[in-house]
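Data block below; observations after.
Labels below follow one simple rule: chain letters A, B, ... track the order of the sequence lines, proteins then strands, and each chain is numbered from 1.
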Amino acid sequence: MDQQGSKARDAALQDLEQVVIRFAGDSGDGMQLTGNEFTRTTAIMGNDLATFPDFPAEIRAPAGTLPGVSAFQLRFASVDIHTPGDTPDVLVAMNPAALKVHIGELRPGGLLILNTAKFRETELKKARYESDPRQDGSLDAYRLVEVDLEQVTREALKDAPLDAKAKDRCKNMFALGILYWLYHRDLEPTLRFIDELFGRKKPEIADANKVVLRAGYNYADITGLFQTTFRVPRATFMAPGRYRNIMGNQALCLGLVAAAKQSGLPILLGSYPITPASDILHQLSGYKHHDIVTFQAEDEIAAVCAAIGASYAGVLGVTSTSGPGVALKSEAINLAVMTELPLVIVDVQRGGPSTGLPTKTEQADLLQAMFGRNSDSPVPIVCATTPGDAFDAAFEAARIAIEYMTPVFLLSDGYIANSSEPWRIPDVSKLPKIPVRFAPARNDGSKFLPYERDPRTLARPWAKPGTPGLMHRIGGIEKQDVTGNISYDPKNHEHMVHTRAGKVAGIAKTIAPLQPLGAATGDVLVLGWGSTRGSITAAVLRHQKQGRKVSAVFLRHLNPFAPNLGELLRGFRKVIVPEMNLGQLCMLLRARFLVDAEAFTKVQGRPFTTEEIEQKIQSALEGLKA
Amino acid sequence: MSPLTESTPPAANPPLSKKDYKSDQEVRWCPGCGDYAILNSVQATFAKLQKQLHETVIISGIGCSSRFPYYMETYGFHTIHGRAPAIATGTKIANPALDVWVVTGDGDALSIGGNHFIHAIRRNVGIKILLFNNRIYGLTKGQYSPTSEQGKVTKSTPYGSVDYPFDPIRLAIGAGATFVARSVDIFAPHLEHVLERAAAHRGTAMVEIYQNCNIFNDGAWKHFTDKDVRDDRVLHLEHGKPLLFGKDKRKGIRFRDGFHPEIVTLGEDGVREQDIPVYDEKDPSPTLAMALASMDEHKLPVPIGVFRVQDKPTFEEGVQAQVAQARTKKAKETLQDLLNAGETWDVA
């Protein structure tokens, strides 16, 4: 791997179990790309990993300012990890603003790589520094490495046919090259990526980036900036199989494609661009050859309506959005509830209310999904818990929608959407089939009854327009059971309200019992849903290692709940529910099971750290002792 | 170009009569409502065209007109307020073989559903939009609508409405409509002819139908549709024919300075038939159609008939062409290939 490394052998070599690196810079500095490249390379090299991209809503916020800072954190390990890590071991700060925003979280003794090109008075001022932090002693706790990335990049590109601005844009590759050398990463995947990204159209840009990446690598090698290099060996605990690195939005898309294949149903995705869900529209738009058609609608309402119109015609309608979009879709979702048509509503949650924090994560749409429509309007809800898990969650959402003829909410969030992890690629031959039964054509003159239900699921038949003999009318007005005719009869309405509720409640029959992490009874149960899974797992494992009776349970199904949830809740003296909202799941659990569950909440647009949850468990355990 | 989902091939059926298009549901419009006449004309037209019941879908929004699907023995979807064009778009993309008709009203299409109306038209989705215009909200019991004349006194506007109205024809032309027509509920032969023309159009066909609400806005159109005035007040647009009207077709529309329409009489002031513009519904320029649709209904005759026809590929054809191309190009990629895409590594 160290083909170029002459002095690498001079530096000491140390093996580490894990490392946390954070890249931070202006939103135009390419930090997301830099982080993603380190991640991809690291995945290919067989480490376990977790990432946390954190960027502003503005595409290019004013350069050098605090709100304009974009960061990407990744943790890679030879051991099983569940989160991107609480405190970075390495911080790469491309300017004073990035330093200011992120230095507080670098662990004492951590490595701080600064781009000194930006430590001029104007830049310091923009970052609200009174004095140069390099000179006032405030960085003494860290191992400081200063590199003028602009100067060294220009030097490396002195013969390149690019203007100064274009040259400067390559400086992130110099920083990446330094870190590749320091952590013994392979340059090849990134060199290939650069060719793919720029190669054909802008070969001179591709060449410049490759030159600078190598220059950064060699610079670290030749200058002897570091006395030690580090190796994080391949992770060996992983289950056998083929792996790839995957982000949550990607896995979610693949889960939908798999559901299309396994059901034999094409998908129509109706969508309107919205952060952080837009990538789902982007990705699925490239899968036309897999029977996925995407429709970028004029607004959120048209997006869900087109999906409903498609489901009505016999394909699986899907709509993808975030919380504000769900608000706009509510009425249409209720049309799908009333007409009992399959529909998957993907909500990649973000901070709210209103526009809120478009690029930051939150889990505060649970009650919106549960209750955010007029009247008694039951909609099943499933959630993804990690990036790779979004594949299974999407598949399950589609399964329920089709089997039960119902709209289904699929909740993801900004953290799952954009972070990544190694994903064991499923063997398609082992994926379950999703059976679809369209009502068959009739020519005996008998009347088709659009609300004659399957006694097992209470689902009504799916009758595709185009099928002879099944002509019928459906709509949003209350209808008589069985015939589907308009009915304002009081008793019938009550019967239908109960039937719709009963149909969704009955889905529980098809949900596998929850398997707790740890014993099924004990002192503290930490109950999670969605993206809190990683930090809960890590925190609970630490307590279990110390012999404490702490378990965790992660919910896939939020409506209805898995059948054994009540029993699990009653098996513990204390139930803690960490949520990135003000206690929404906790409210549902207390209402449903009359348990004294306690919400542990955080609404900062960032995931829980392991330590936060670990301490919460600690204080709960102490509370039990007292 | 295979559709996303296939229709079952129709069985050989005996010819359908008008009554075969009637559902078993009791029609619940107010007695005397213009909707009855439109329903009758649609059923007559469908029978004339021998539309197959199972291949026909009628999608509506909310309002009096939107109850229409319940009374037709086809597939029917009574949806939510203003959204029928969006739902119909999804249905048409999913199965382009279906014959999809949207029934809507002036409030449904132009107020709450204005956005979907213009965007369905802009995309040229292969659906027919029948816009029943009665210049009033009927089902909510009589508030002014986006087509109500300014100053309209209604329950919600006791001092008269302040807003200026929309003209659906001009709105549709402005949105790039490829088929725009207008007819009147009580002009059955004309309406049936226009419906037949709409049915034959492959892109979005927007048909505005002047409809009388005898309860909340009775006589909204009578100043030009009444028997004794209509000859002089209605201009029948006919492709290839001059813009003549009046009982003996002696009156015509001429454009002063090229832009300003005025009524002239053949034989008076030296006006000859060749001075009257000949209507070309296929004219790529929408200028004349727009000018005629903009005529003051109180001073000049009201044009009805087909304003505009343009032959343009439909949205769903474009979608299907891309699907077909992607399938040919990447025919061999399996789901497993897709899952395995990008950089992978194996753990033994």
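- Only the side chain of Ile425(A) has a heavy atom closer than 4.5 Å to any heavy atom of chain B.
- Both the backbone and the side chain of Leu470(A) come within contact range of chain B, with heavy atoms under 4.5 Å apart.
- Of the atoms belonging to Asp427(A), heavy atoms from both backbone and side chain fall under 4.5 Å from chain B.
- For chain B, the nearby part of Arg40(A) is the side chain; its heavy atoms alone come within less than 4.5 Å.
- Ring pair Tyr312(A)/Phe77(B) is tilted by interplanar angle, where 30° to 60° counts as tilted.
- Among Thr294(A), Ile44(A), Thr339(A), Leu254(A), the residue with the largest count of heavy-atom pairs under 4.5 Å with chain B is Ile44(A).
- Across all their heavy atoms, Pro465(A) and Asn95(B) have their closest contact at O-ND2, 4.2 Å.
- When each of Ala302(A), Ala260(A), Gly469(A) is checked for heavy-atom pairs under 4.5 Å with chain B, Ala302(A) comes out on top.
- Of all heavy-atom pairs between Gln25(B) and Asn485(A), the closest is NE2-OD1, 3.1 Å.
- Ranked by non-hydrogen atom pairs under 4.5 Å with chain A, the options Gly342(B), Ala120(B), Ala341(B) are led by Ala341(B).
- In this structure, Arg473(A) and Ser23(B) have side chains that are in contact, with non-hydrogen atoms separated by less than 4.5 Å.
- Between His290(A) and Glu333(B), the side chains place a donor N or O and an acceptor N or O closer than 3.5 Å (distance only, hydrogens not considered).
- Formation of a donor-acceptor pair under 3.5 Å by the Tyr75(B) side chain with backbone atoms of Ala313(A) is not found in this model.
- Between chain A and the residues Val57(B), Asp99(B), Asn340(B), the most heavy-atom pairs under 4.5 angstrom are made by Asn340(B).
- In this structure, the side chains of Tyr287(A) and Leu338(B) come closer than 4.5 Å at one or more pairs of heavy atoms.
- Between Arg244(A) and Glu343(B) no salt bridge is recorded (no basic side-chain N to carboxylate O distance below 4.0 Å).
- Contact of Ala43(A) with chain B is made through backbone and side chain together, with heavy-atom distances under 4.5 Å.
- Between Met471(A) and Leu53(B), the shortest heavy-atom contact is CG-O, 3.7 Å.
- Of the residues considered (Ser429(A), Ala307(A), Pro189(A), Pro426(A)), Pro426(A) shows the highest number of contacts with chain B, using heavy-atom pairs under 4.5 Å.
- Using a 4.5 Å cut-off between heavy atoms, Ala332(A) touches chain B through backbone and side chain atoms alike.
- Contact of the Arg327(B) side chain with the Asp291(A) side chain is registered, since non-hydrogen atoms from C-beta on lie closer than 4.5 Å.
- Nearest heavy-atom pair across Cys305(A) and Arg83(B) is SG-CB, 3.5 Å.
- Counting heavy-atom pairs closer than 4.5 Å to chain B, the top-ranked of the candidates Thr236(A), Leu265(A), Val428(A) is Val428(A).
- Contact annotation: the side chain of Arg123(B) approaches that of Glu298(A) to within less than 4.5 Å [non-hydrogen atoms, C-beta and beyond].
- For chain B, the option among Val257(A), Ile246(A), Asp299(A), Val304(A) with the highest count of heavy-atom pairs below 4.5 Å is Asp299(A).
- Closest heavy-atom contact between Leu339(B) and Phe391(A): CD2-CE1, 3.9 Å.
- Distance alone, capped at 3.5 Å, is enough to place a donor-acceptor pair between the Thr91(B) side chain and the Gly309(A) backbone.
- When all heavy atoms of Ala326(B) and Lys288(A) are compared, the closest pair comes out as CB-CB, 3.8 Å.
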